[in-house]
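Here the structure is laid out as structure tokens; the discussion comes afterwards.
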Amino acid sequence: MEIIITETYEEMSREAADIIAECVKQKPDCVLGLATGSTPIGLYAELVKDNQAGEISFKDVKTFNLDEYRGLDPKHHQSYRYFMQENLFDHVDIVAENTHVPNGFNPNAEEACAEYEESIDEAGGLDLQLLGLGHNGHIGFNEPADHFPLATNCVQLTESTIQANSRLFDSIDEVPREAYTMGIGTIMRAKKILVVANGAGKAEIVKKAFLGPITPQVPASVLQLHPDVTVVVDELAGELL
Ligand code: GLP
């Protein structure tokens, strides 16, 4: 595992964008696993700049997002599909059909999850998976549990996640209680993993995840077993490392 500590959020974003850009340059038809949350917003802005400057092209790239709220209209301003359109897809030369987000609007959880897992396999698997970190160590929406879920699955969000994500909704009652997420197995099969975290609020979980014991109670700790992980954190998130 390589850990890079940058001074600022802007540097973290540029560093992480460079790693993704390199992957796209080396393999123009690569398959990228993408993440939402506030952490990657800066790195997506950097990738948009690179694309608009003609340094990288997404025209043959396929993307699969980690997760989506169950039951939320993809047009809802807090859906992860909407987030991706706003922060990346609408500003780069990616082909719409090549972008995938779990279908939160399919009420049949088993079908939605199986289809998603299958489409990742059909694309040849993930070349690079980008991850943010939940405060409780969740990756995607894989919450602390007594086992590591293998495949894309439907999860009940924990109270702390609902609370944390309620800042983005008009009221806490509007936050969906369930989500579809890639499993830990899906994530671990990616050839390369890139984790980003910033801010003092993430310092404790960054330490637990990467220096603590490997346990499904801290889902991100499983990444210690992956052969190719790069963690990019700003000074505040990295202060306990
Ligand atoms: C959400 C997402 C995660 C993300 C996490 C952290 O719960 N499902 O994929 O990593 O939030 O978000 P933030 O980057 O805003 O701290």
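Numbering of ligands and ligand atoms starts at 1, following listing order.
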Atom 12 (O) of ligand 1 sits nearest the protein heavy atom Gly37 CA, 3.8 Å
One should read off an interatomic distance between Gln85 CD and Ile94 CD1, to the nearest 0.5 angstrom, of 9.5 Å
Per-atom filter on ligand 1: closer than 4.0 angstrom to a heavy atom of Phe141 are 7 (O), 8 (N)
Honestly, for Tyr80 the part within reach of ligand 1 (heavy atoms, under 4.0 Å) is side chain
Check your understanding: With a cut-off of 6.0 Å (strictly less than), are more than 12 heavy atoms of other residues, nucleotides or ligands near NZ of Lys191?
Key -> yes
| said: Strictly below 4.0 Å, N to O, side chains only: are Lys192 and Asp228 in salt-bridge contact? | reply: yes
Ranked by distance from atom 3 (C) of ligand 1, the top protein heavy atom is Gly140 O, 3.6 Å
Requested in this report: Answer yes or no: is there an ion pair linking Asp29 with Lys62, defined by an N-O contact shorter than 4.0 Å?
Outcome: no
The closest protein heavy-atom partner of atom 6 (C) of ligand 1 is Leu133 O, 3.5 Å
Pair Arg189 + Glu117, salt bridge at N-O below 4.0 Å
yes
At under 4.0 Å between heavy atoms, what of Asn165 touches ligand 1? The answer is side chain
If you scan protein heavy atoms around atom 16 (O) of ligand 1, the nearest is Lys202 NZ, 2.6 Å
Take every heavy atom of His138, measure it against each atom of ligand 1, and state whether any distance is under 4.0 Å. yes
Logged contact type for Ala35 with ligand 1, heavy-atom cut-off 4.0 Å, is neither
Within the 4.0 Å heavy-atom cut-off, what Ile139 brings close to ligand 1 is neither
Near Asp67 (heavy-atom distance under 4.0 Å), the atoms of ligand 1 are 2 (C), 8 (N), 9 (O)
A student checking ligand 1 against Arg167 at a 4.0 Å heavy-atom cut-off should list atoms 15 (O)
Of all protein heavy atoms, the one nearest atom 4 (C) of ligand 1 is Thr36 O, 3.9 Å
Are Tyr116 and Tyr180 close enough that their ring centers fall under 6.0 Å? no
In this structure, CD of Glu22 is separated from SG of Cys30 (nearest 0.5 Å) by 11.0 Å
Looking only at non-hydrogen atoms, the one of Thr39, Ile162, Asn136, Asn65 nearest atom 14 (O) of ligand 1 is Thr39
| request: Indicate yes or no: does Arg14 engage Glu11 in a salt bridge with an N to O separation below 4.0 Å. | output: no
dist Glu178:CD -> Gln156:CD (nearest 0.5 Å) comes out at 4.5 Å
NZ/Lys27: more than 12 non-hydrogen atoms of other groups inside 6.0 Å:
yes
Note: ligand 1 atoms sitting under 4.0 Å from heavy atoms of Gly132 are 10 (O)
